[in-house]
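Below you'll find the structure, written out as structure tokens, and then a few comments.
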Amino acid sequence: MYSPKPFPYSKVTGISDKTLEIHHDKLYVGYVNKRNEIEDKLIKADRTQANGTYSEFGELKRQESFAAAAIILHEAYFNILGGNGEPGGDLVKQIEKDFGSLEDWVTDFKACGLVARGWVVLAYDLNDGRLHNYICDAHNQGGIWGAIPVIVLDTYEHAYMIDYGSDRKAYIETFMKDLSWDEANRVFAKVAKVSLS
Ligand code: FE
């Protein structure tokens, strides 16, 4: 059984409590509840009827990865909110190494935010020991195996429509100002010690 992780809305300045309540309490908690329901149903699902076009087992397996990725990405997104947007730490040094400069990374990350249909993830890829900006068009489509999310941006309309209408660009600017580099460095310090090569 998975339990939803709490999220203190008060630390975020540029996104309204209403947006964050809906996003966290309804949507994110909904993914946690569905993952539990799916895993429960998978215990008894009939494997003898497995079929590539449709089967109860196949549908449960597809939605299992959808719900799991939704939980992981949303938790990383909520965790990264509520900072002061001041870049620093070893993560910035790695960004400068892998993207040329912090400015180049910011430009690329924001551009990714405009093209993604779901998520932008600054990930530390254990396969090559480098940072990459990856995008996902659905929770469970586009993720790279072995790449660990460090900074995660939700670009679905539900993340900003109430506060910014269709102005995704303004929402991304807000996200960068609300970004916690302390949290990003905390995650990066853990994953930077790991290597697959
Ligand atoms: Fe979301």
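All figures in this text were calculated on a predicted structure; none of them were measured in a lab. Throughout, numbering of the chain's residues begins at 1 and tracks the sequence.
- Although no hydrogens or angles enter the test, the distance criterion places no donor-acceptor pair under 3.5 Å between the side chain of H139 and the main chain of G118.
- V29 and P4 make their closest contact through CG2-CB, 3.9 Å (heavy atoms, listed as atom of the first residue, atom of the second, distance).
- Between I71 and R35, the shortest heavy-atom distance links the atoms CD1-CD, 3.6 Å.
- Comment: E64 engages K61 in a salt bridge, judged by a side-chain N to carboxylate O separation of less than 4.0 angstrom.
- Residues N133 and V121 are not in side-chain contact: their nearest non-hydrogen atoms beyond the backbone lie 4.5 Å or more apart.
- For E96, the CD atom sits in a packed shell: over 12 heavy atoms of surrounding residues, nucleotides or ligands are nearer than 6.0 Å.
- Classification of K34 and E37 as a salt-bridged pair holds, one side-chain N sitting under 4.0 Å from a carboxylate O.
- The closest side-chain heavy-atom distance from F7 to H23 is not below 4.5 Å.
- To the nearest 0.5 Å, the span separating CD1 on I80 from CG on L122 amounts to 9.0 Å.
- Contact check for W119 versus Y156: side-chain heavy atoms found under the 4.5 Å cut-off.
- The shortest distance between side-chain heavy atoms of I22 and I162 falls below 4.5 Å.
- Residues E173 and K177 are not paired through a salt bridge, judged by the lack of any N-O separation under 4.0 Å between the basic side chain and the carboxylate.
- The two residues Y160 and R168 have their closest heavy-atom pair at OH-NE, 3.2 Å.
- The side-chain heavy atoms of F99 and F109, taken from C-beta on, include no pair separated by under 4.5 Å.
- With hydrogens and angles disregarded, no donor-acceptor distance shorter than 3.5 Å links the side chain of D154 to the backbone of A159.
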